[in-house]
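To keep things clear, I will list the structure first and then write my remarks on it.
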Number of protein chains: 2
Amino acid sequence: MALLDTVVMRGLSSQGALSNEDKAFLLELELSPRHMSASEVLWLENGHADLFCVVKEGWGYSYRNLKNGSKQILKFYLPGDIIGIRDFGFTRRLASAAMINDGVIYPFSYQQLFELFGRSSLAVGIMATAMRQQALLSERLVYLGKYAAHEQLAHFLYEIYLRLKRIGAVEDNSFLMPLTQELIGDALGMSPVHVSRTFSMLREEGLVIRDRQRVKLPDPEALARLVEFNDSYIDEFLPHAFSELLRATP
Amino acid sequence: MALLDTVVMRGLSSQGALSNEDKAFLLELELSPRHMSASEVLWLENGHADLFCVVKEGWGYSYRNLKNGSKQILKFYLPGDIIGIRDFGFTRRLASAAMINDGVIYPFSYQQLFELFGRSSLAVGIMATAMRQQALLSERLVYLGKYAAHEQLAHFLYEIYLRLKRIGAVEDNSFLMPLTQELIGDALGMSPVHVSRTFSMLREEGLVIRDRQRVKLPDPEALARLVEFNDSYIDEFLPHAFSELLRATP
DNA sequence: TCGCTCACTTAACATAGGTTATGGATAGTG
DNA sequence: CACTATCCATAACCTATGTTAAGTGAGCGA
């Protein structure tokens with residue numbers, strides 16, 4: 001049951017990739033199942049991230065609450081799915097999760113997951129990188145789903161700005177962006193014409209100045225407020241969580 | 001350089017989480033850098049997935065070509081980003097990748113990545129699970145970006161159908177779906193009213209029959225054709241790639 | 001210098017999908 | 001058996017964005 005019942009693990013198992021030792025370890029991880037009732041919340045956005053769950057019965061979903069009162073659902077979880085590895089590598093939850101109908105889940109701590117990696121901080125680093133990438137993807141999804149063009153573009157520019165800043169490629173709030181408006185349109189799911197319109201709009205509001213590939217954000221914070229940018233997913237120094245763990249386990 | 005220069009690894013390193021042994025290992029992985037010219041393709045969708053890259057200079061992006069001739073960009077890669085772990089766990093590429101301007105990349109084989117995991121097939125399984133989840137997310141993103149409501153809904157239903165079929169919850173092309181149209185709307189980024197409209201449309205075309213929570217797809221393949229469903233990302237038994245590796249490394 | 005191409009801007013028009021509203025079926029509850 | 005709360009269907013209307021088109025300016029090669 002539990003982890004062994006997961007789609008991927010069943011696959012590994014059926015192909016003889018799992019040793020008896022592996023299986024024993026998995027079974028040892030087995031915790032007491034938890035019975036959940038319909039629409040019960042597993043965790044909330046920004047809550048402390050310390051565990052993930054295998055869904056045994058029932059449907060669940062993860063979602064983000066949006067400023068306009070609606071929500072964007074990131075994924076529905078069916079029996080056999082793992083819910084919550086999305087946040088592995090972060091200290092706080094990037095999204096809320098709840099049940100849809102009654103069900104049963106098996107919780108596992110990230111600590112256990114960490115031990116699975118044999119305390120190799122390299123492997124953990126790779127995993128964290130992957131998770132961070134997924135976080136970016138989720139964030140984009142949220143914006144594609146429910147936000148207007150100018151909010152999407154503002155969000156996009158601010159994300160690029162932050163990412164470039166981390167690697168020291170921003171100077172005086174200005175950076176080089178070698179993208180055509182067509183490429184940006186392909187990323188944001190809007191027509192190149194509308195990208196241009198939207199840039200004009202942001203320019204008129206004094207939020208973005210652009211000359212060819214040079215982009216300047218006169219007031220980055222204003223942009224961030226416009227889109228209520230949640231920078232935890234990009235700015236958090238992921239390894240924090242891991243270095244804690246590394247210290248905890250000799 | 002190379003992997004050590006990656007955002008996450010730098011973070012680990014600065015916090016003393018990386019032992020000298022770890023660092024030596026990373027340096028050992030160093031391969032000859034590859035100079036890329038503008039718009040040069042790294043790999044194409046469906047190509048064999050065997051390596052990932054660290055971007056040293058230049059910008060790159062990953063994208064999916066759509067049936068209507070346009071493309072959806074999944075992510076832009078800046079210097080220091082890792083490009084291609086998305087496909088770790090799959091035998092074929094889920095998306096194409098190309099450079100935007102001239103640049104330099106460092107390639108690494110999945111084989112090396114695998115060894116990082118200390119040959120623990122459990123850890124690899126967790127990683128694969130996470131990657132599969134990300135693949136689902138990317139697929140949804142593609143649909144949110146560029147497809148019309150009826151295509152999105154058809155795609156959504158077919159995905160649920162496949163996922164339920166894997167766990168034996170489909171009988172006679174019919175399954176239980178405990179979702180309200182409001183929830184579906186929140187997932188697909190459309191209003192509940194339009195979800196209803198779209199269901200009516202699909203019903204009139206004989207593609208979907210629904211009574212309360214009971215959903216029946218009289219001709220699943222017709223649905224799949226409508227959305228040109230690429231089931232490799234959901235149906236492929238990921239562990240294949242790993243069991244090959246496991247066999248290859250004693 | 002001329003002329004070509006490419007990226008962008010702006011405008012006019014078309015439409016998919018949002019919004020608001022109303023009514024009908026079903027399930028739950030006292 | 002009412003009474004109510006959901007969920008869903010359909011309609012009328014509105015708006016953001018797509019589409020098509022025409023014009024501008026920068027870069028670049030002949």
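Basis for what follows: all heavy atoms, side chains included, without hydrogens, waters or symmetry-related copies. Residue numbers begin at 1 in each chain, while the letters A, B, ... track the order of the sequences.
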With respect to the phosphate group of C:dT9, does any side-chain polar atom (N or O) of A:Q181 fall under 4.0 Å of OP1 or OP2?
yes
Distance test, side-chain N/O of A:S196 to OP1/OP2 of C:dT9, below 4.0 Å
yes
For the pair made of [atom1] in [X] and [atom2] in [N], what is the distance, rounded to whole Å?
| X | N | atom1 | atom2 | value |
| --- | --- | --- | --- | --- |
| A:K146 | C:dG17 | NZ | C1' | 13 Å |
| A:E182 | C:dT9 | CD | P | 14 Å |
| B:H194 | D:dA12 | NE2 | P | 17 Å |
| B:I184 | C:dG18 | CD1 | P | 14 Å |
| B:H150 | C:dA16 | NE2 | P | 10 Å |
| B:L179 | D:dT6 | CG | C1' | 15 Å |
| A:N101 | D:dC7 | CG | P | 13 Å |
| B:E151 | C:dA16 | CD | P | 12 Å |

Do [X] and [Y] pair up side chain to side chain, a donor and an acceptor below 3.5 Å, judged on atom types alone?
| X | Y | answer |
| --- | --- | --- |
| A:K71 | A:Y61 | yes |
| B:S200 | B:R197 | no |
| A:S96 | A:R64 | no |

What does [X] touch in the nucleic acid at a heavy-atom separation under 4.0 angstrom: a base, only the sugar-phosphate, or nothing?
| X | answer |
| --- | --- |
| A:S191 | base |
| B:V195 | nothing |
| B:G189 | sugar-phosphate |

Nearest to the [X] side chain among [options], which nucleotide is it?
| X | options | value |
| --- | --- | --- |
| B:A149 | D:dC8, C:dT10, C:dG17 | C:dG17 |
| A:A148 | C:dG18, D:dT17, C:dA21 | D:dT17 |
| B:R197 | C:dA11, D:dC8, D:dA11 | D:dA11 |

Test: A:R210 cationic atom under 6.0 Å from A:F199 six-membered ring centre, within 45° of axis
yes
Which of residues 198-218 of chain A sit near DNA chain C, with a heavy atom under 4.0 Å from it?
A:S200, A:R203, A:R210
The single option from A:K75, A:R86, A:Q72 passing side-chain hydrogen bond (donor to acceptor under 3.5 Å, both in side chains) against A:S62
A:R86
Starting at CD1 of A:I105, measure out to CG of A:L42 and round the result to the nearest 0.5 Å.
4.5 Å
Using 0.5 Å steps for rounding, measure from the CG atom of B:D87 to the NE2 atom of B:H48.
11.0 Å
